[in-house]
Structure formats: structure tokens, C-alpha cells
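Have a look at the structure below, then the notes.
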Amino acid sequence: MDNYQELIMQAKLAMEQAYAPYSRFRVGAALLGASGRIYRGCNIENAAYSPTICAERTAVVKAVSEGERQFKALAVVAETEEVITPCGVCRQVLAEFFDDQVVILLANAGGQVRKTNLSELLPGAFTGDKYGL
Ligand code: THU
């Protein structure tokens, strides 16, 4: 679990960079690639609202654009009473790159952590290999 604590700490650091002037809801993510590199992401809001990008997607986009496509773990943190749970759009984006071996850690700033995986978060995900895409 030591590695996981490090990843959660990285997600908290990412949360510090959140740009959330509209919701004031700060989220941080840290994505551990198969290479060992960690990609941090935060939510980045927009005055037009719909261009807002969540912390999880920021981390995935950073990783994939750096050539990393395989992952070991993802930590997500917010200042919520319960642990944060990713939105539906992010779950679909994670389904593009994660199998159930990828550990997903949902946490809050108070130290609560829930360990889960993709098929728990998005059962029956629409994926390219299922439909020959
Ligand atoms: N948000 C995330 O970054 N990740 C989640 O898992 C849920 C929601 C962001 C989007 C928006 O900036 C703010 O939280 C409120 O919805």
C-alpha cells in the first residue's frame, strides 16, 4: 500500500493546481504509468462550463500525449466528505486504456480511500475491442 499512499499524495498535490473558480470543487488525480512515471492532473474549468475538463481526464491526456498507454494505478482525491467517484465521461475515458488490473484509488483529503477497478465503476463498458472498432 506504500506506493498507493505516494500516489494519493501526488493526487493531493495535483488538487492544489485545480482551476475551479466556478464550482470551487477541487479535484486532483495521479496516474501511474507502466514506465513508472506519474502523471498528475487537476480539473480545469471554463466560463462556458461545458469545456471543463476533469482531473482524471487531464491526467490521461497528459500521459497518452507523452507516449504512455499502459497503466498500473490511478488515484483521485477531492475535499469531499465521502471519497470522490469519477463522472461518467471520465469512466468511459478510463475504459479506453484500463483493464481490471489497474488499481483505482478513490480518496478524500481526510484520508479515506476506496480501492476499486474499472468494471466495478463501469460495468459493461463500451470498448473498441468488443465491437471490432
Ligand atoms: N470533477 C472532476 O475533476 N473529477 C470528478 O471525478 C468529478 C468532477 C470536476 C469537474 C468540475 O470542475 C468540478 O469537479 C465540479 O463538477
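We count ligands from 1, going down the list as the structure has it; atoms in each ligand are counted the same way. Each residue takes its place number in the sequence, starting with 1.
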Go through ligand 1 atom by atom and flag the ones less than 4.0 Å from a non-hydrogen atom of F25.
13 (C), 14 (O), 15 (C)
Quick check on contacts: which atoms of ligand 1 are under 4.0 angstrom from a heavy atom of C87?
6 (O)
Looking only at protein heavy atoms, which one is nearest to atom 6 (O) of ligand 1, and how far off is it?
E56 OE2, 2.5 Å
How far is atom 3 (O) of ligand 1 from its nearest protein heavy atom, and which residue and atom name does that atom have?
A55 N, 2.9 Å
Ligand 1 atoms in contact with N43 (distance to a heavy atom under 4.0 Å):
3 (O), 9 (C), 11 (C), 12 (O), 13 (C), 14 (O)
Donor-acceptor contact below 3.5 Å, side chain R91 vs main chain P86:
yes
Distance from atom 7 (C) of ligand 1 to nearest protein heavy atom, with residue and atom
I84 CD1, 4.2 Å
Is the backbone N or O of Q101 less than 3.5 Å from a side-chain atom of K72, with the two atoms forming a donor-acceptor pair by type?
no
Shortest non-hydrogen contact from A30 to A11?
CB-N, 3.6 Å
Flag S23 as yes when one of its N or O atoms lies below 3.5 Å from any N or O atom of ligand 1, and as no otherwise.
no
Looking at every heavy atom in both R57 and T52, which two are closest together, and how far apart are they?
NH2-O, 4.2 Å
Does some non-hydrogen atom of C90 fall short of 4.0 Å from ligand 1?
no
Minimal non-hydrogen separation, G41 against A14, with atom names:
O-CB, 3.3 Å
Considering residues at least two apart in sequence or located in another chain, which fulfil the side-chain contact (heavy atoms from CB on, under 4.5 Å) criterion with Y131?
F126, L133
So, for atom 1 (N) of ligand 1, does the protein have a heavy atom nearer than 4.0 Å?
yes
Nearest-contact summary for atom 13 (C) of ligand 1 - protein heavy atom, Å:
E45 OE2, 3.5 Å
I want to check something: taking the side chain as every heavy atom from C-beta on, are N43 and Y19 in contact at a cut-off of under 4.5 Å?
no
Quick one: nearest non-hydrogen protein atom to atom 8 (C) of ligand 1, plus distance?
C54 SG, 4.0 Å
